[in-house]
Amino acid sequence: MDDILHGLNKAQREVVTSEASVLQVLAPPGSGKTKTLTSRVAYLIAFKHLKPWNIVTCTFTKKAANEMKERIRSFIGEELSKQIKLGTFHSIAGQYLRKYGQHIGLAKDFGVADTSDSKAIIKRIIKKHDLTSEAPKASGRISANKCKGIESAQFAQTAKNVDQQEFAVIFSEYEAELKASNLLDYDDLLLRCCFLMRTHPQCVSNVEAVLIDEFQDTNTVQYDLMSLFAQQRNMITIVGDPDQSIYGFRHAEIKNLKLMKDQWRDTLTINLEENYRSSGAILHAAQTVIEQDESRPPKKLQATHNYGLRPVLRKLPSAAAEAAWLVAEIKRMCALSGGVLQHSDFAILLRSAALSRVIEAALGRDGMPYRMVGGLKFFERVEVKLVVDYLRVINQPNHGEAVERIINLPPRRIGDATVKSLREEASKRDMSFWDLICGIAQGKTRSTTKLNAPAEKGLASFVNVILSGRRKLEVAEDEQISLVGLINLVAKKIDLQTYLKNKYENEYEAKWSNVEELMAQAADASDPERLKALMEEDTLPAVDDLDQRSTGNEDALSIFLANIALTATAETKTEEGTEPVPQVTISTIHSAKGLEWPVVFLPACYEGSIPHSRSDDNDEERRLLYVGMTRAQAMLYLSCPIKDTQKQETTMSSFLTQPGVQLYFEEHGPSMSLATAKGLATTLRREQPNLSGFNEGKQGLDRDEDNYWPLNGEEAPEERAKWDYGKAANPVAAFGASRPASWVPASAVTTQQQQGFSTASAMMSAGLGTVKDDFNAAYDDLLEKDRLKAIDKKRLEATKNSDTDVPKGRKRQIEGQGSISTFFAKRRPPSMKAESSGEHFTMPLATHTSRSDPLRDISNLDRRQLSDPLPSKPALAGLHKPRIAPLRRAPSSHAALPNKGYMFLSSSPQKPEDEENDPEPISEEPDPEDEVAQPQFKPASTFHTTSLQTLQQQPAARGRRYGVKPSINGWANRARK
DNA sequence: CTTCGAGTGCTTTTT
DNA sequence: GCACTCGAAG
């Protein structure tokens, strides 16, 4: 008893030991919801003597299910815990249907139609009838109806207007299609299971207790499912939090909470109120956001931690800058936390998965390890899906969807028209698609569809692949081919490697490694031990009066496939023997639910993103933000780019611009002192940092304050200088060389430079003033910006009040620390050294880190060079249009990119070996004042131009490489102004 | 009839 | 940046 109740507060104990039969637990974020629920399960088994296999526990995500399993195991041990019926609604429903499906006329071995299957079917129906509906909308509508328990026939009867009738057609044909292919979609799993339990209550007669996690996310069908599970004993415990209801789109009904109270009048409600996760400051901020919802009943939420650091609400110039800032902050926090924080302590949570691209690029550029959860799932990647579809068809050839998807992959000269004709013929003859083509290929069936010779050959080869796969399975069990063997067979038969190589060229390696990963997973799944465990887990307790379908002889393939559709994340296993590298997590807010991290970033907090433009429930969007914010333990960063990815101006999220909200936020990341680091450690209950670790971290940093970007969201001065005089001017110059050896010799450059210059002067006179003037103005501006941002916060606020007092423009005075000296490198940028010795100083520009900022190390330049005129941007920008190397998704797989027609940018923090041992600091670090006094310094010859041809001659260097899109926006923006 | 290239438009969240 | 459509060539 003590074990189970240990560490629980009063309210939690009350929940765990409650005698009430129906129990609602309202558990706000961080209140120990999962802990409480798992403790109750353990308690019921240990003290109420319930049998584990008579306890049903439903979660929404596989992740939550696994976590709960893990925790229960630590309470009651492996043996008991694995007997509990614990899983997602869908997986539990699936289990019941597999065992008892025959009683409701469900064929054995039904498949699960995933979203793309459903979408494909609907699309086809729409096309067939030449309807105007859109597939995704129709799909959502079908799901909405199903979730409410409305069936297609029922809908068709009530359909009145044209639109409804049209939809009724899609709906019923969709259902028919699924039935014909022996498929159930996600909703069907739940619906059919409800039907089963209603018509055959015996099958759940053993259930003694039902527990539901995240109850606020249940939809009507799931609610029914819960009631039906509990129909014998009415012993139910649910935990939930209306404030965290973020699945309205999946037709979750918050009102189920009330419904439940009405259905079971003696429902006991217990509120958990203490938050054990977040610092007070974070909690306050989150609270002000959620309290904007006036319809929401007020709720208490008590912090148990210290106040901690105030959350940050940061403005940045662009999505790219936001990403760069975020990376810089992670670095800074890591370095200055004195060892308290590492990469795995950071999470970046997004409203939509698509936002991750810029961020992944920034992380990749920096070489910071990360993992992306949510977004595209492993089993949804084309190459994986391809193989899985083959397996599906081999396992179950009547899976019409899968057959059609792969019949011409790799290309077999069987086009859409042929497929369509075949499909129609099949339905006319009332046979399955597979049976038809199989018959044709074997010459048994005479087809009315005329096939040309190549198509016929293609068809035969396809059928052959499938049949040979099936043959391997039909032999006696002990001779049966392994799952991996089967995948290999398929891969060989369809010559997958060649296909992938041809189709994806430079992505080939990544794609193939995914296939290998699939094999590894297959090997894992067909491991006899594991298989046994899986089968055991799949057992349902025998009940009187109702036969279970024997699944004893179910093969590894079926089990593997059945699990795929219901597996949320195929956890990429860490390589054996290697320490897992701490990784930053990128996730959607939705899939971050229930999780927590010491530091959380919520980027893209603008109108249209959160609240999302496609959402019609603002309150749900607000709750979503709330969920995101409350994932943070010690530090929370919100940020808003002034321009979104499409360079449209944004408005900050209305949830954050409500009066008073901003009082809870700082405008920039915290100054990190040893004391701050200690505070973090306290909040996180971690070991205190020591001074030496702190100092060490500080030394490795370029800057120790969040002061690179101005607080008002404007472009960083250094960045502007780069844009105006570097990157924008010359896309080809955006070639950063990390190894001088492979650099273009200066002589090769000269012609291009001169070319550029000559055009430049002509262009420049067209109304933009001289380059010189332009530069001076910008430079002054830049100094001013830097001065402003260097002033500490208080002063800034003081000046803000009398805003206009701050002279704009030409103030050269430098105050305080953090002044211009931050512009100059403490050490020579590596690539500069080799080049600056020659006749021409050719400094590669446009690495995005400040490491090679053109303004750095300015004192080191040959000053005669500096008086050269500047080339103009448009002149150079128009010269070449380099191809863009695709960004690689996972930084883990860096195949060498082709060495033709690509440009590379490489700014790896890991310097190449040859520079590694060159910490030689520049002796004459310039005195800031001095520099300012010499306005003739212009980064004119920090230009380096070269042609595409020259680049093509470069050998593809090794190392981390990212294609970089040259931007001429810098120029375009300026020109407009 | 199939394939391939160019051009267009859009882009929530999950089982 | 990607998925999808459309039109032209094989």
Side-chain angles (χ1 to χ4, degrees), chain A residues 58-65 87-94 112-119 123 127 134-136 139-140 143 146-147 184-190 214 217-219 221-222 245-252 349-358 360-361 373-377 379-380 382 408 410-421 449-456 458 502-503 563-569 587-593 604 608-617 620-621 623-625 627-628 644-646 884 886-887 889 963 965:
Chain A
C58 293
T59 64
F60 277 81
T61 61
K62 196 98 183 170
K63 216 190 292 166
T88 62
F89 277 98
H90 293 88
S91 74
I92 291 183
V112 177
D114 60 24
T115 323
S116 68
D117 290 322
S118 304
K119 224 176 87 190
K123 222 167 167 179
K127 216 164 199 173
E134 293 158 46
S139 159
S143 179
K146 283 185 162 185
C147 286
L184 298 183
D185 68 13
Y186 287 123
D187 299 317
D188 284 332
L189 285 172
L190 305 178
E214 307 276 15
D217 290 330
T218 48
N219 61 33
V221 178
Q222 285 160 333
S245 166
I246 53 174
Y247 281 98
F249 70 93
R250 224 169 59 180
H251 319 103
L349 307 183
L350 309 166
R351 168 69 248 255
S352 33
L355 293 167
S356 75
R357 213 172 293 136
V358 230
E360 287 187 70
V373 300
L376 33 42
K377 311 235 169 43
F379 288 108
E380 270 157 25
V382 269
N408 201 29
R412 296 189 180 91
R413 309 207 67 85
I414 306 167
D416 293 344
T418 311
V419 172
K420 190 175 170 221
S421 158
T449 309
K450 41 184 189 316
L451 296 164
N452 54 27
E456 204 163 335
N502 292 340
K503 186 154 182 194
N563 275 311
I564 284 179
L566 299 175
T567 300
T569 41
S587 167
T588 59
I589 300 177
H590 281 90
S591 35
K593 197 176 182 194
S609 173
I610 196 166
H612 199 274
S613 49
R614 295 262 231 147
S615 160
D616 40 30
D617 186 348
E620 177 155 317
E621 296 292 307
R623 291 194 292 267
L624 199 49
L625 181 60
V627 168
D644 66 13
T645 26
Q646 333 264 282
I884 312 302
L887 279 176
R889 253 204 118 68
K965 187 173 189 166

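Side-chain atoms are counted along with the backbone in the values below, which use heavy atoms only and exclude waters and symmetry mates. Computed from a predicted model, the values in this text were never measured in an experiment. Residue numbers start from 1 in every chain, and the chains themselves are labelled A, B, ... in the order their sequence lines are given, proteins ahead of strands.
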- Item | Nearest-nucleotide comparison on DNA chain B, the residue closer to the 5′ end among E621(A) and V419(A) | V419(A)
- Task: Map L624(A) and P411(A) onto DNA chain B by nearest heavy atom, then report which one ends up closer to the 5' terminus.
- Result: P411(A)
Under the 3.5 angstrom rule, does the side chain of [X] hit a backbone N or O of [Y] as a donor-acceptor pair?
{"X": "T59(A)", "Y": "A64(A)", "answer": "no"}
{"X": "K63(A)", "Y": "S591(A)", "answer": "yes"}
{"X": "D217(A)", "Y": "A252(A)", "answer": "no"}
{"X": "Q222(A)", "Y": "N219(A)", "answer": "yes"}

Give the rounded distance in Å between these two atoms: [atom1] of [X] and [atom2] of [N].
{"X": "E134(A)", "N": "dT5(C)", "atom1": "CD", "atom2": "P", "value": "12 Å"}
{"X": "L184(A)", "N": "dT15(B)", "atom1": "CG", "atom2": "P", "value": "18 Å"}
{"X": "D416(A)", "N": "dC6(C)", "atom1": "CG", "atom2": "C1'", "value": "13 Å"}
{"X": "L355(A)", "N": "dC2(C)", "atom1": "CG", "atom2": "P", "value": "15 Å"}
{"X": "L349(A)", "N": "dT13(B)", "atom1": "CG", "atom2": "C1'", "value": "13 Å"}
{"X": "D185(A)", "N": "dT15(B)", "atom1": "CG", "atom2": "P", "value": "15 Å"}
{"X": "I92(A)", "N": "dT15(B)", "atom1": "CD1", "atom2": "P", "value": "15 Å"}
{"X": "K503(A)", "N": "dG5(B)", "atom1": "NZ", "atom2": "P", "value": "12 Å"}

Nucleotide nearest [X] when distance is taken to its side chain, options [options]:
{"X": "S352(A)", "options": "dC4(C), dT12(B), dT15(B)", "answer": "dT12(B)"}
{"X": "R413(A)", "options": "dT2(B), dC4(C), dT14(B)", "answer": "dT2(B)"}
{"X": "K119(A)", "options": "dT2(B), dT15(B), dC4(C)", "answer": "dC4(C)"}
{"X": "H590(A)", "options": "dC1(B), dC4(C), dT13(B)", "answer": "dT13(B)"}
{"X": "T61(A)", "options": "dC4(C), dT14(B), dG1(C)", "answer": "dT14(B)"}
{"X": "Y186(A)", "options": "dT15(B), dT13(B), dC1(B)", "answer": "dT15(B)"}
{"X": "R357(A)", "options": "dC2(C), dT2(B), dT12(B)", "answer": "dC2(C)"}
{"X": "F249(A)", "options": "dT14(B), dC1(B), dT3(B)", "answer": "dT14(B)"}

Can you find a side chain N or O atom of [X] that sits less than 4.0 Å from OP1 or OP2 on [N]?
{"X": "R614(A)", "N": "dT12(B)", "value": "yes"}
{"X": "T588(A)", "N": "dT12(B)", "value": "no"}
{"X": "N408(A)", "N": "dT3(B)", "value": "yes"}

- Message: Rounding to an integer number of angstrom, what distance separates dC4(C) and dT13(B) when you compare their P atoms?
- Response: 16 Å
Over all strands shown, is [X] touching base, sugar-phosphate only, or nothing at heavy-atom distances under 4.0 angstrom?
{"X": "T115(A)", "answer": "base"}
{"X": "D114(A)", "answer": "nothing"}
{"X": "I414(A)", "answer": "sugar-phosphate"}
{"X": "F60(A)", "answer": "sugar-phosphate"}
{"X": "D187(A)", "answer": "nothing"}

- Task: Please state whether the base of dT15(B) and the side chain of R250(A) form at least one donor-acceptor pair under 3.5 Å?
- Result: no
- Message: Please determine whether a side-chain nitrogen of the Lys or Arg among R623(A) and E620(A) lies less than 4.0 Å from a carboxylate oxygen of the Asp or Glu.
- Response: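 Looking at R623(A) and E620(A), the cut-off is met.
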- Compare all side-chain heavy atoms of I589(A) with those of I610(A) and state whether any distance is below 4.5 angstrom.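 Yes. Closest side-chain heavy atoms under 4.5 Å.
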- Item | Close aromatic pair by centroid cut-off 6.0 Å: H612(A) and F249(A) | no
